Amino acid sequence: MTPRRRRPPPRPPRRRTRHRPRGSATRGAACSGASQRGIRCRARPQPTIDDGSHAGTPRTTDYRQGVVSETPPDHDAAGDAGAGSGLESERARRSARLAELRDAGVEPYPYRFDRTHTLTEVRERWGDLEAGTETDEAVAVAGRIMLRRDSGKLVFATVRDRSGEIQLFVSKAVVGDDAFADVKELDLGDWVGVHGTVMTTRKGELSVKVERVALLAKAVRPLPDKWHGLADTDTRFRQRYADLIVNAEARRTFEIRHAVIASFRRTLTERGFIEVETPVLHTEAGGALARPFVTHHNTLDLDLYLRIALELHLKRLIVGGMERVFEIGRIFRNEGISTRHNPEFTMMELYQAFGDMTDVMAITEELIVIAARDALGTTVIEIAGEPVDLAEPWPRARLVDLASEAIGDEVHPSQPVEHLRAIADRLDVRWEPQWGGGKLVEELFEATAESSLVRPTFVTGHPTEISPLARTDRTDPWLTERFELFVDRRELANGYSELNDPAEQRERFEAEQAAKDAGDATRGTVDEDYLRALEYGMPPTGGLGIGMDRVAMLLAGVDTIKEVILFPTLRPEVF
RNA sequence: GCGCCUCUAGCUCAACGGCAGAGCAGUGGACUCUUAAUCCAUUGGUUCAGGGUUCGAAUCCCUGGGGGCGCACCA
């Protein structure tokens, strides 16, 4: 069992993403959202509804009576609102409670609350109090009410802040009748600020003995099931806020993601890299082979592309003498969506002057190993069910050798295309006539060898044809000094010795342009400004790109990119 | 884009051609040491939408919508 499987004890294992996509919270949300705007829930062709006058519509009438502004703030109204059930009556009941508070002169959405401790700080400081201890230590804490246990003249509530949870101990005898009644009116999901003293119960549960409770924000909408949380992946991603409230696994995943990115920044800064920010809006979409998103600037009346890579601007900075630069930024590719692909994703790219491919391979290993240590406290993770120690050296193998071995026949981009096409046909690999030997060899590699790369592996020596920005291999003119890092059959990183000869770069660009003109939309164009930059002289340089989402996936142990992106791209919800 | 799967109360799930149900949440009540508190009572449904088959449809068929998975594209 690896540490990353650690879960808070009281909860059962959260379901992994793919099982049972059940329930349809989306609809519920859609309903209430719509009714706020006076639109009838579940849009059916029913033209009499959308005129805003709901009085004659039986199904919408009853719960509407409870809505704040229309409700006389007394208990009867709250009672009426609570009659019936379902989301709308629940929202009405909670809203009516808001109105009552306002009427009583209480601001249900105060501006601030000064706390003395986070909940984990309380636990750290008083965690070893013996059972049945009362202290005079006054604290002010804040959090969301997650659970409540009501036993007559005592109420126990579990509140949670970002750091952790703690129990509130509310005694009628301590707070008085009125305040006790107010506490009983609190709902699961409400944010509260609490003044009290630290104590432990007879069974030893560390608690805050409440003296005063202030409502910090009312939850008008009920929380998902307190035990099962949300199961429907659609709802989890669309309503990430709700997912984060009820799903500890999701919170943990994004903590890991944060730790990984923070770790990268720290490591690179320590090694003399400067963090920069380059344009997202490009006039040419270069640096990778991918379809771009197109957008438009009105005043300039100019079509622009969202960047598909960071590469070309960063290398301009190497020309400018910045020597070591990196950027962690969002990239956009107008391609398919899958468990491994989101249209926008986060890439880290770095460039190091005076180095080559071997330097950036070393940095790749270092970055990921240190990130694992920082995020998980260990370098041992589980990949495809097997424990793998990332700290062990990662094997390196040439792409052509891996492909040849998997095929059982030597392949190399220098071979006649007919020969390579015949092998492709034999292996049922589909090819296109404009592909040269390099592209064919890459396709053969992907079809045969790639799926066996589970443990971290550097694949090196990609054909020149598919690597227009990488420097030619010093021992083989058909290949480049390039590597890709594969882990769990996924490409995680890509780096090379950067091509810095402006004349050769122009030839490569022209080949890209020709391929694009021939109909391959993913291919590149001639970037004249970049060529001009190279003409000023770019020192020998090693460059690297790492897909941060995929590193986060690897270290968080999740198998869908949507699990590491807070708000993944989805079709718009129908309200 | 193609194939397969899926959608039932606010949430988690039953019912699989014959009266739409449970747990949680909510509501009313009991309880001064609970831990998903417990106990008693109880509200809540256009079964994703539309059409069809049938005496009868949540269930079978068709169309549409959302989502998931696989393939393709890519990182």
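Every value quoted in this text rests on a predicted model; they were computed, and no experiment measured them. Every chain is numbered from 1, with letters handed out A, B, ... down the list of sequences.
The A/K226 side chain lies nearest to B/A37 when the options are B/A37, B/U27, B/C71. Comparing atom distances between the A/T201 side chain and each of B/C33, B/C69, B/G67 picks out B/C33 as nearest. Among the nucleotides B/A75, B/C33, B/C69, the one closest to the side chain of A/E491 is B/A75. When distances run from any side-chain atom of A/R238 to the nucleotides B/U12, B/G66, B/C33, the shortest one goes to B/G66. Here the side chain of A/L147 is nearest to one of B/G66, B/A36, B/G10, namely B/A36. Proximity note for A/F345 (side chain, C-beta onward) versus B/U27, B/A75, B/G66: the nearest is B/A75. Considering only the side chain of A/L230, B/U12 comes nearest among B/U12, B/G68, B/G66. The A/L188 side chain lies nearest to B/G26 when the options are B/C11, B/G26, B/C33. Here B/A72 is the nucleotide among B/A72, B/C69, B/G68 with the atom lying nearest to any side-chain atom of A/R430. Side chain of A/K562, nearest nucleotide from B/G68, B/U32, B/G70: B/G68.
Looking only at side-chain heavy atoms (C-beta outward), A/W394 and A/M361 stay at 4.5 Å or farther from each other. Contact of the A/R144 side chain with the A/L188 side chain is not registered, since no non-hydrogen atoms from C-beta on lie closer than 4.5 Å.
A distance of 11.5 Å separates CD in A/E443 from CZ in A/F445, rounded to the nearest 0.5 Å.
What separates CZ of A/R333 from P of B/A72 is a distance of 19 Å, to the nearest Å. Rounding to whole angstrom units, CD1 of residue A/I368 and C1' of B/A75 are separated by 13 Å. In this structure, A/K172 atom NZ and B/C31 atom C1' are separated by 12 Å, rounded to whole Å. Across the protein-nucleic acid pair, A/L223 atom CG and B/C11 atom P stand 12 Å apart, rounded to whole Å. Rounded to an integer number of Å, the gap from A/I565 CD1 to B/A75 P is 16 Å. The CZ atom of A/R571 sits 13 Å away from the C1' atom of B/G68 (whole-angstrom rounding). In this structure, A/R149 atom CZ and B/C24 atom P are separated by 15 Å, rounded to whole Å. Between A/R97 atom CZ and B/U27 atom P the separation is 11 Å, expressed in whole Å.
Among the heavy atoms of the strands, none lies under 4.0 Å from A/I331. Heavy atoms of A/N334 sit nowhere under 4.0 angstrom from any nucleic acid atom. Among the heavy atoms of the strands lying under 4.0 Å from A/D150 is at least one base atom, whether or not backbone atoms are also near. No engagement by A/K209 is indicated, since no non-hydrogen atom pair under 4.0 Å with the nucleic acid exists. Among the atoms of the strands shown, none is found under 4.0 Å from any heavy atom of A/G547. A/R291 comes within 4.0 angstrom of the backbone, heavy atoms only, and of no base. Counting non-hydrogen atoms under 4.0 angstrom, A/Q167 reaches a base of the nucleic acid. At the heavy-atom level, A/A173 lies under 4.0 Å from base atoms of the strands shown.
When the P atom is used for both B/U59 and B/C7, the distance is 11 Å, rounded to whole Å. Of the P atoms belonging to B/G23 and B/G44, the separation is 15 Å, rounded to the nearest Å. When the P atom is compared between B/G51 and B/A30, the two are found 50 Å apart, to the nearest whole Å. For the P atoms, the distance from B/C11 to B/C19 is 25 Å, rounded to whole Å. Nucleotides B/U63 and B/G70, compared at atom P, are 25 Å apart to the nearest Å. When the P atom is compared between B/A49 and B/A57, the two are found 15 Å apart, to the nearest whole Å. Taking atom P in both B/A75 and B/G66, the straight-line distance is 27 Å, to the nearest Å. On the P atoms, B/A36 is 12 Å away from B/A25, given to the nearest whole Å.
Remark: A/T233 is not in phosphate contact with B/U6, judged by side-chain N or O atoms under 4.0 Å from OP1 or OP2. When the side-chain nitrogen and oxygen atoms of A/K153 are compared with OP1 and OP2 of B/A30, none of them lie within a distance under 4.0 Å.
In the interface, the side chain of A/D225 is not paired with the base of B/G10 through any donor and acceptor atom under 3.5 Å apart.
B/U47: no Watson-Crick or G-U partner with both key distances under 3.5 Å is found in any strand. The partner of B/U8 is absent, by the rule that a Watson-Crick or G-U pair needs both atom distances under 3.5 Å. Base pairing of B/G28 is made with B/C40, judged by Watson-Crick or G-U wobble geometry with both donor-acceptor distances under 3.5 Å. In this structure, B/G1 and B/C71 make a Watson-Crick or G-U wobble pair, each of the two defining distances being under 3.5 angstrom. Base pairing of B/G21 is made with B/C13, judged by Watson-Crick or G-U wobble geometry with both donor-acceptor distances under 3.5 Å. Of the nucleotides present, B/G52 is the one that pairs with B/C60 by Watson-Crick or G-U wobble criteria, both distances under 3.5 Å.
Aromatic stacking is not marked for A/F156 over B/A37, as the cut-offs of 5.5 Å for the centres and 30° for the planes do not both hold.
A 6.0 Å sphere centred on CZ of A/R396 holds more than 12 heavy atoms belonging to other residues, nucleotides or ligands.
Of the charged side-chain nitrogens involved, none lies within less than 4.0 Å of a carboxylate oxygen, so that A/E512 and A/K516 do not count as a salt-bridged pair.
Although no hydrogens or angles enter the test, the distance criterion places a donor-acceptor pair under 3.5 Å between the side chain of A/T480 and the main chain of A/H462.
Residue A/E165 is tested with A/R123, A/R251, A/R160 for a salt bridge (Lys or Arg N to Asp or Glu O under 4.0 Å); the sole match is A/R160.
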Between A/D517 and A/R523, does the salt bridge (Lys or Arg N to Asp or Glu O under 4.0 Å) criterion hold? Intermediate values first, please. CA-CA 9 Å; A/D517 294 342; A/R523 302 298 284 272; over 6 Å; no
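Nearer to the 5' terminus of RNA chain B, by closest-nucleotide assignment, is the contact made by A/L570 (compared with the other of A/A290 and A/L570).
Not less than 6.0 angstrom separates the ring centroid of A/Y305 from the ring centroid of A/F293.
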